[in-house]
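See below for the structure under consideration.
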Amino acid sequence: MRRKFAAGNWKMNGLSADLAELERMVAAKPSAAVDTAVCGPATLVHRMAQMGWPVGGQDCHPAENGAHTGDISAEMLADAGASYVITGHSERRADHGETDAVVRAKTEAAWRAGLTAILCIGETEAQYRAGDTLDVLHRQMAGSMPEGCTGDTIVLAYEPVWAIGTGLTPTADEIGAVHNALRDALIDRFGPETGVAIRILYGGSVKASNAAEIFGIADVDGALVGGASLKADDFLPIVDALDAAD
Ligand code: PGA
């Protein structure tokens, strides 16, 4: 069965002093039944990886190396000790104009380097209000998920753009309906075995106070957590809630 997964996304946050939070998370020794990771800023990935907590990057360039000033390759992240990389986060799609094709290339780059991709999809508020959520998600999946996805090489993260950092979340019924539809789409495209092996995380304003409800929803295999992953006191209760979920 799918292992539960709580992944933190520190975004453009974290200086050396903030490693103390990760130290506290490591010291708390959360349940081994839950996979955890923190996707840190590139400057801290190497140090985080040495602390005994699985680490991810937040983006990678499709190429292995070359003249791409300011970019970071999947190989560099792997070399720094990362096991994961986020691809297709809505902030990168919006801030850097990343298309589905680019996200797909970055996901393939992650695999080339031996990383597991945490691939994000999600509708905007306008698309949500227009009732276009599933159309948008299907389109993003078709365009950004490479052929050959497996339960080991990809984790899908459903993150409604309007729920990220806003304190808003869809209702439990809405999250359930979306995750159910995503599961069906994975089975359609990758077959029944792989389709049920790929984990689907929910992301967007997950915090200790709503984690148990969200993790109780069928086909929610965990969460991608932004703001609430920065502090051990906020993130550890989320990991515990995931551990306790059925
Ligand atoms: P949030 O961010 O938990 O702060 O809403 C989630 C994300 O962007 O991954």
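Reckoned from all heavy atoms, side chains included, excluding hydrogens, waters and symmetry mates. Indexing begins at 1, ligand by ligand and atom by atom, following the structure's order.
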First locate atom CG of Leu15, then atom CG of Leu44, and finally report the distance between them rounded to the nearest 0.5 Å.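 It comes to 7.5 Å.
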Separation of Thr36 OG1 from Leu242 CG (nearest 0.5 Å):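 The distance works out to 10.0 Å.
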At a 4.0 Å threshold, what atoms of ligand 1 neighbour a non-hydrogen atom of [X]?
X: Ser205; value: 1 (P), 3 (O), 5 (O)
X: Gly204; value: 5 (O)
X: His89; value: 7 (C), 8 (O), 9 (O)
X: Asn9; value: 9 (O)

Test item, [X] contacting ligand 1 (heavy atom, 4.0 angstrom):
X: Lys11; result: yes
X: Ala228; result: no
X: Gly165; result: yes

For atom 4 (O) of ligand 1, which protein heavy atom lies nearest, and how many Å away is it?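 That would be Gly227 N, 2.9 Å.
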Quick one: nearest non-hydrogen protein atom to atom 7 (C) of ligand 1, plus distance? Glu159 OE2, 3.1 Å
Would you call Arg129-Glu125 a salt bridge at under 4.0 Å N-O? yes
Considering Gly122, Pro160, Gly226, Gly203 one by one, which has a heavy atom nearer to atom 3 (O) of ligand 1 than any of the others?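 Answer by nearest heavy atom: Gly226.
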Gln127 atom CD, over 12 foreign heavy atoms within 6.0 Å: yes
